[in-house]
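Data first, discussion second: the structure below is written as structure tokens.
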Number of protein chains: 2
Amino acid sequence: MTLDETDLRILRVLQRKGRISNADLSEKVNLSASACHRRVQRLESEGIIRNFVALLDPRKLSLPTTVFVEITLQSQSDDILDGFEKAVSRIPDVLECHLMAGSADYVLKVVAEDTDDFARIHRQHLARLPGVAQMQSSFALRTVFKTTALPI
Amino acid sequence: MTLDETDLRILRVLQRKGRISNADLSEKVNLSASACHRRVQRLESEGIIRNFVALLDPRKLSLPTTVFVEITLQSQSDDILDGFEKAVSRIPDVLECHLMAGSADYVLKVVAEDTDDFARIHRQHLARLPGVAQMQSSFALRTVFKTTALPI
DNA sequence: GTTGAAACTATAAGCCT
DNA sequence: AGGCTTATAGTTTCAAC
């Protein structure tokens, strides 16, 4: 399960052009089409490549608002944490959930149409999350940039 | 540039399976292959679909550590902001940069191998960013979940 | 928006070096 | 492991409805 420089080159390309044809990819990494295809298959089956997705434009879908929500729980017992994580994972507007070190227990990344829509998400979903002691929402005024490409 | 329910169905599928064949996609959304293909082309050319990418497993690539970095600048003048944004966009370890309302000016999402690697990123890149007055880093202990699929 | 057909391209599997 | 060949499968463009 070790990655050589050719594997990394393949991954660097696929992180940016997920629908590149195998022929074009093989040319970019100086490999025959069949050898390249075998490597991509291996990277997929080993789970290095998780999946291929389309990235959509949040603004064109009227979801330009990103909000980071810091949450402190009433306690750090496993039951409370599990219950919270299960509940939060069911909210489609929450794109990320991280368990944090330090002050807050969790940070959520939420997308919304606007502040009103975030108020709805808050009322309908966030305010009903179990075990929450405190919640602080920070609005992004503008997303400067965003990438899914890991620095490899 | 208006999206009907079929467009949304196409987008919902492609957000999760970016390499699904047009034949399979057309079946899922109850459309003929050619009509489906035309719609996907339109969604791409209109920029609703930004691009197709491979999502990699950060853990398998030894990048399991996510750090949120809150940054306050020395001033909010356009020059300072532009200089900061230009510089931060050149750091490959920074996956996201958001201009924030409220206390901090910017929030960065950074990935690293471990705390030592983050120390290197901090020393090599973050500490050298122009116009920074204050910086506070918050480590994620665990990413509970993460998706790129917008709630449409 | 649908169907069907044609030319092209990509993918999978087997075999050789 | 890479590379080559063949068979299968998928894509793209066209026409006509």
Side-chain angles (χ1 to χ4, degrees), chain A residues 1-63 147-152, chain B residues 1-64 113 147-152:
Chain A
M1 204 211 93
T2 178
L3 300 175
D4 63 15
E5 188 50 44
T6 304
D7 289 321
L8 291 178
R9 278 212 297 272
I10 289 172
L11 293 175
R12 285 185 201 117
V13 174
L14 289 179
Q15 279 199 113
R16 291 180 171 81
K17 293 181 77 77
R19 264 197 166 178
I20 190 174
S21 74
N22 184 61
D24 290 354
L25 176 60
S26 67
E27 200 181 324
K28 280 206 182 196
V29 301
N30 300 312
L31 224 56
S32 71
S34 57
C36 183
H37 186 255
R38 271 196 294 263
R39 283 193 183 239
V40 173
Q41 294 282 89
R42 204 198 96 213
L43 293 166
E44 281 191 69
S45 71
E46 281 179 355
I48 315 265
I49 297 175
R50 267 237 173 82
N51 55 349
F52 291 90
V53 301
L55 298 181
L56 311 185
D57 186 332
R59 311 195 60 126
K60 298 209 166 141
L61 292 159
S62 303
L63 289 168
T147 180
T148 57
L150 299 176
I152 57 171
Chain B
M1 205 212 92
T2 178
L3 299 176
D4 64 15
E5 188 51 44
T6 304
D7 289 321
L8 291 177
R9 278 214 297 274
I10 289 172
L11 293 174
R12 283 184 203 118
V13 174
L14 290 179
Q15 280 200 114
R16 292 180 168 81
K17 294 179 77 75
R19 264 196 167 177
I20 190 174
S21 75
N22 186 60
D24 291 355
L25 177 60
S26 67
E27 200 181 322
K28 278 207 181 194
V29 302
N30 301 312
L31 224 58
S32 68
S34 58
C36 182
H37 186 253
R38 270 197 296 266
R39 281 185 185 247
V40 174
Q41 296 279 85
R42 202 197 98 213
L43 293 166
E44 280 190 70
S45 71
E46 281 179 355
I48 315 266
I49 297 175
R50 266 238 173 81
N51 55 348
F52 291 90
V53 301
L55 298 181
L56 311 185
D57 186 331
R59 312 194 59 123
K60 299 210 165 140
L61 292 160
S62 304
L63 289 167
E113 291 175 23
T147 180
T148 56
L150 299 176
I152 56 173

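Only a predicted model underlies this, so the values are computations on that prediction, with no experimental measurement involved. Letters A, B, ... mirror the listed sequences (proteins, then strands); counts begin at 1.
- We find that A/Glu5 and A/Arg12 are joined by a salt bridge, their nearest charged nitrogen and carboxylate oxygen being less than 4.0 Å apart.
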Pairs under 3.5 Å (N/O, protein and nucleotides 8-11 of chain C):
{"unit_1": "C/dA10", "atom_1": "OP1", "unit_2": "A/Ser21", "atom_2": "OG", "d": "2.8"}
{"unit_1": "C/dT11", "atom_1": "OP2", "unit_2": "A/Asn22", "atom_2": "N", "d": "3.1"}

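- Under the 3.5 Å distance criterion, the side-chain polar atoms of B/Arg9 are matched with a main-chain donor or acceptor of B/Val29.
- Following rounding to the nearest Å, B/Arg38 (CZ) and C/dT2 (C1') show an atom-to-atom distance of 9 Å.
- We find that CZ of A/Arg42 is positioned 7 Å from P of D/dA1, with the value rounded to whole Å.
- Between the side chain of A/Gln15 and the main chain of B/Leu56, no donor-acceptor pair closer than 3.5 Å is present.
- Residues A/Leu3 and A/Leu43 form a side-chain contact, since some pair of their non-hydrogen atoms from C-beta on lies under 4.5 Å apart.
- For the pair A/Ile10 CD1 and D/dA1 C1', the interatomic distance rounds to 13 Å; values are reported in whole Å.
- A donor-acceptor pair under 3.5 Å links the side-chain atoms of B/Asn22 to the main chain of B/Ala33, judged by distance alone.
- Listed candidates were D/dG2, C/dT2, C/dT3. Nearest to the side chain of A/Arg39 is D/dG2.
- Atom C1' of nucleotide D/dA9 and atom CG of B/Leu25 are separated by 17 Å, given to the nearest angstrom.
- Contact annotation: the side chain of B/Lys17 never approaches that of B/Leu25 to less than 4.5 Å [non-hydrogen atoms, C-beta and beyond].
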